[in-house]
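Please read the structure below before turning to the comments.
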Amino acid sequence: MTVLKTSMRNFLAHKGRMALSAVAVLLSVAFVCGTLVFTDTMGTTFDKLFAATSSDVTVSAKDASDGGETTSGNGKPPVIPAAVVDEVRGAEGVKSAEGTVFSTSVTVVDGDKDSLSPTSGGPTIVGSWNRNDARTMEITDGAAPKGADQIMVDADTADKHDLALGDEIGVISALGTHTAKISGIADFTVTNPGAAIFFLDTVTAQRTLVGESGVYTNVNVTAAAGVSDDQLKRNVLTALGTDYKVLTAKESADANKESVGDFMGVLKYAMLGFAGIAFLVGIFLIINTFSMLVAQRTREIGLMRAIGSSRKQVNRSVLIEALLLGVVGSVLGVGAGIGLAVGLMKLMGLMGMELSTGDLTIAWTTPALGLLLGVVVTVLAAYLPARRAGKISPMAALRDAGTPADAKAGRIRGLIGLVLTGAGGYALYLAGSADKATEGSLWLGLGVVLSLIGFVVVGPVLASGVVRVLGAVLLRAFGPVGRMAERNALRNPRRTGATGAALMIGLALVACLSVVGSSMVASAGEELDKAVGTDFIIQNDQGQLVTPEAVEAVRSTPGVDRITEYKWTQADFTTPDGKTSDDTAITAADPTYATDLRVETVAGKLEDAYLPDSMSVHEDYAKDHDVTLGSKIEVAFKDGTTGSLTVRAITSSEGVVDAGAMYTSIDTLARYVPADKMPLDQLVFVSAEDGHKDAAYAALKKSLDGFPQYQVRDQTDYKEALQDQIGQLLNMVYGLLALAIVVAVLGVVNTLALSVVERTREIGLMRAIGLSRRQLRRMIRMESVVIALFGALLGLGLGLGWGATAQQLLALEGLKVLDIPWPTIAGVFVGSAFVGLFAALVPAFRAGRMNVLNAIATE
């Protein structure tokens, strides 16, 4: 009980000093709990949506996707005949059955031809209004569509794009553009997480999306009272046989959840990874805090030992303080995490993904995990300072506060740090020299971990040298004040090393990712320059196929020299080794594609793959299946017949563009696939007449003005789009890393604040002999800057090494250019100095306000 009372008294006595450490715990726990609440809420939202929108049993075409993706190679959804509805109605246990039509392979535009698709990446769905939709949506304005000139839109989309009754919009499918006026606006009774949904009447939907009447994409079946979904499914299968896909509501919901599950999983674990980084940085802050508190209480602890306290009691006292800190920080962190989750939901709403706070999901495991992590991490971080406190002898009560440095421990620490750093460097070397990316990635991971730990351990040793260099370059110009700032940073290398290490971790990751992102952009740009021999590429960014009408518009554009159509389909390959590769992708293109894309071949010529009944395979596939030039492969085309194709070329499996593709000609594909089953073009390559590139670019945009679903890009546009995509991803990562950097800044603030308290008497003496308040504040600010720059140098150097090694692995995948973004690196380094200045504001202000006489009288 005495130990507990002592710990409580010390905790409350130093609550101001504990506050910043508590904030570090709070932020780390908040990020973990916020991530879990946010992703659980997303899961609940999608679960409710899928459960509400799924009928008891759904019947669709055999080749329809379980997850609701309806696009086939011809740009139209797979359909079933209307007669199936009557057959289903006759099945036992069926209360009702209704045929519906819907498609996700559509683009919807307003009267100005601006897209109405979600910016969040959600789907655009156009379908027929039916009783199943009426269960989950309520018409809040106008009426359901009746006739070809009417369409209904969901309320969220109407709000985002300021749509109102009577506005004209266009539905663009593979069959052309259908225009209609908004007749009604319907709102979901459950949360719509971001899809744009439009409704036509059934006849119009059939004509617009499928191109024929008397067919449906789905049959929604409702069970009679007392009939389970599983029993209803069995009854429907009995009536229909196995020619159709029949799913219960649960199976449909599970399939839809699986389609978004990968995205949610990546998001969840990525955010938890950044939370882990924040925890790691927080550990250094907590270690520093307790180390300094123990050092400042040396006399107090020595007196406790002198009057009979054992080592275990002193040790236990410090750990109890850490436990209290962990509990307080974690409890506050759980609450902050829920607030963070709500904030993330609002942010996603601004980006187009609507999540309702009514679906806020807080599983009991979330606060339990947050509390457990916060407390355990805090107590573990305080263990070393607590152990050090227990070693303080009673004779320490006779000395001034502070413990002498253990030179032997410092040498051992330095040796261990050098060994770990060397091992990490060797692992990075092995990663960079690996022959396969999968093998190298394992060495890279090991090298990152070992080099990071090594730098953390050897940090105090490096601090002495690096701070002296930084002091000579930056601080000596400030005269005695600068030299005092340098000596303050050097006074306790262990503390300086730990403080710099906290900042080092975040900046190392920033530097590494900057190198990787910049190298990816530069490599892709170089690869495009080398490989792509065409002037323009025409495609839809959401994957909608290019219609024959659009191809014809391109073909008739003035200034166009040639166009190359590019199709994609699947087939079952039977190779000479007797093995069959099911659902293997094969690309069909015009023979000019061999010119438009300069693919490296390891055997044969790519243009020969476009001869009749010929094809190419990539090198890895050829090795795996004993395929050589002249080998015959039996190719069973989807929606077609089987042909025997001769391998005329073997291409490299590396590269950025079309890596691993297998080619044949469109004429060969047409021999085995009926005209009505031929896939539409994935994209179209266009080459301009010599000297008319600019004119052809403008003419193409004009020719495709009636096809707003397609984008015309030259190579410059492509590079910019790629740079924007990678830039957006990096900005998101930097935003998440900002949490770790914020915690690191708190560490610098805490270190300075505690060191000011530790040097109270010293500061008073300096003020007494003539040091002005302004000079004192400048000294503390410069000390903070040099510590921040020390951490930045370590972090940027480490990150550059990681990034360069990662680029060597990317080179094995065709991204061969190493590009170091020096402006970014320099900006981060300079920014670190401002971080140091910012972190020193409060400690310097408090130091400047000290009463000189009181400071001198401090023990």
Side-chain angles (χ1 to χ4, degrees), residues 17 20-21 284-285 287-289 291-293 295-296 401-402 405 459-504 507 741 743-767 769-795 829-850 855 858:
R17 306 180 194 180
L20 291 178
S21 293
F284 292 103
L285 196 162
I287 290 174
N288 257 6
T289 299
S291 294
M292 297 179 75
L293 288 175
Q296 291 170 17
V461 178
L462 295 175
S464 299
V466 174
V467 170
R468 281 190 173 88
V469 173
L470 288 172
V473 175
L474 300 174
L475 302 183
R476 297 293 170 83
F478 293 93
V481 173
R483 287 195 294 273
M484 284 191 292
E486 178 186 340
R487 288 170 184 171
N488 285 335
L490 289 170
R491 177 179 297 180
N492 192 329
R494 178 179 291 176
R495 187 166 68 208
T496 299
T499 306
L503 192 59
M504 174 190 75
L507 296 186
I741 295 173
V743 176
V745 171
L746 292 176
V748 179
V749 175
N750 212 21
T751 297
L752 290 172
L754 290 172
S755 67
V756 165
V757 173
E758 183 180 280
R759 305 198 307 256
T760 298
R761 188 176 186 184
E762 174 187 320
I763 289 171
L765 289 171
M766 287 191 295
R767 292 276 288 114
I769 62 175
L771 189 71
S772 69
R773 288 184 176 182
R774 184 176 182 181
Q775 288 174 317
L776 175 62
R777 289 194 293 264
R778 182 183 299 166
M779 179 188 73
I780 293 172
R781 287 197 298 267
M782 286 191 291
E783 179 185 351
S784 177
V785 167
V786 81
I787 291 174
L789 290 179
F790 164 68
L793 274 177
L794 294 189
F829 184 72
V830 173
S832 299
F834 286 98
V835 165
L837 281 174
F838 174 79
L841 290 178
V842 173
F845 178 75
R846 292 186 63 187
R849 293 187 65 188
M850 281 186 185
T858 301

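Values in this document were obtained by computation on a predicted structure and should not be read as measured data.
- A 4.5 Å side-chain heavy-atom check between Gln775 and Met484 finds every atom pair outside the cut-off.
- Scanning for side-chain contact (heavy atoms from CB on, under 4.5 Å) contacts around Phe478 gives Arg778, Met782, with sequence neighbours left out.
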Original post:
Where do Phe790 and Leu462 land on the side chain to side chain contact (heavy atoms under 4.5 Å, CB included) test, with the steps shown first?
Top reply: CA-CA 9 Å; Phe790 164 68; Leu462 295 175; 4.3 Å; yes
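- Within the model, atoms CZ of Arg767 and CG of Leu776 stand 7.0 Å from one another, a figure rounded to the nearest 0.5 Å.
- Annotation for Arg781 and Ala840: closest pair CA-CB, 3.7 Å, computed over non-hydrogen atoms.
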Subject >> side chain to side chain contact (heavy atoms under 4.5 Å, CB included) evaluation trace for Val786 with Glu486 >> reply: CA-CA 8 Å; Val786 81; Glu486 178 186 340; over 6 Å; no
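- When every heavy atom of Thr496 is checked against every heavy atom of Ala463, the shortest pair comes out as CG2-CB, 4.2 Å.
- Phe838 CZ: 12 or fewer foreign heavy atoms inside a 6.0 Å radius.
- A donor-acceptor pair is defined here as one N or O able to donate and one able to accept, closer than 3.5 Å; such a pair exists between the side chain of Arg773 and the backbone of Gly848.
- Remark: side-chain polar atoms of Ser784 are not paired, donor with acceptor, to backbone N or O of Ala839 under 3.5 angstrom.
- To the nearest 0.5 Å, the span separating OG on Ser832 from CG on Leu507 amounts to 4.5 Å.
- Taking CG from Asn488 and CD1 from Ile787, the interatomic distance works out to 9.0 Å, rounded to the nearest 0.5 Å.
- Closest approach of Met779 to Met766, counting heavy atoms only: CE-CE, 3.8 Å.
- Here the CD1-CD1 distance, from Ile780 to Ile763, works out to 5.0 Å after rounding to the nearest 0.5 Å.
- Taking the charged nitrogens against the carboxylate oxygens, Arg491 and Glu783 have no contact shorter than 4.0 Å, which rules out a salt bridge.
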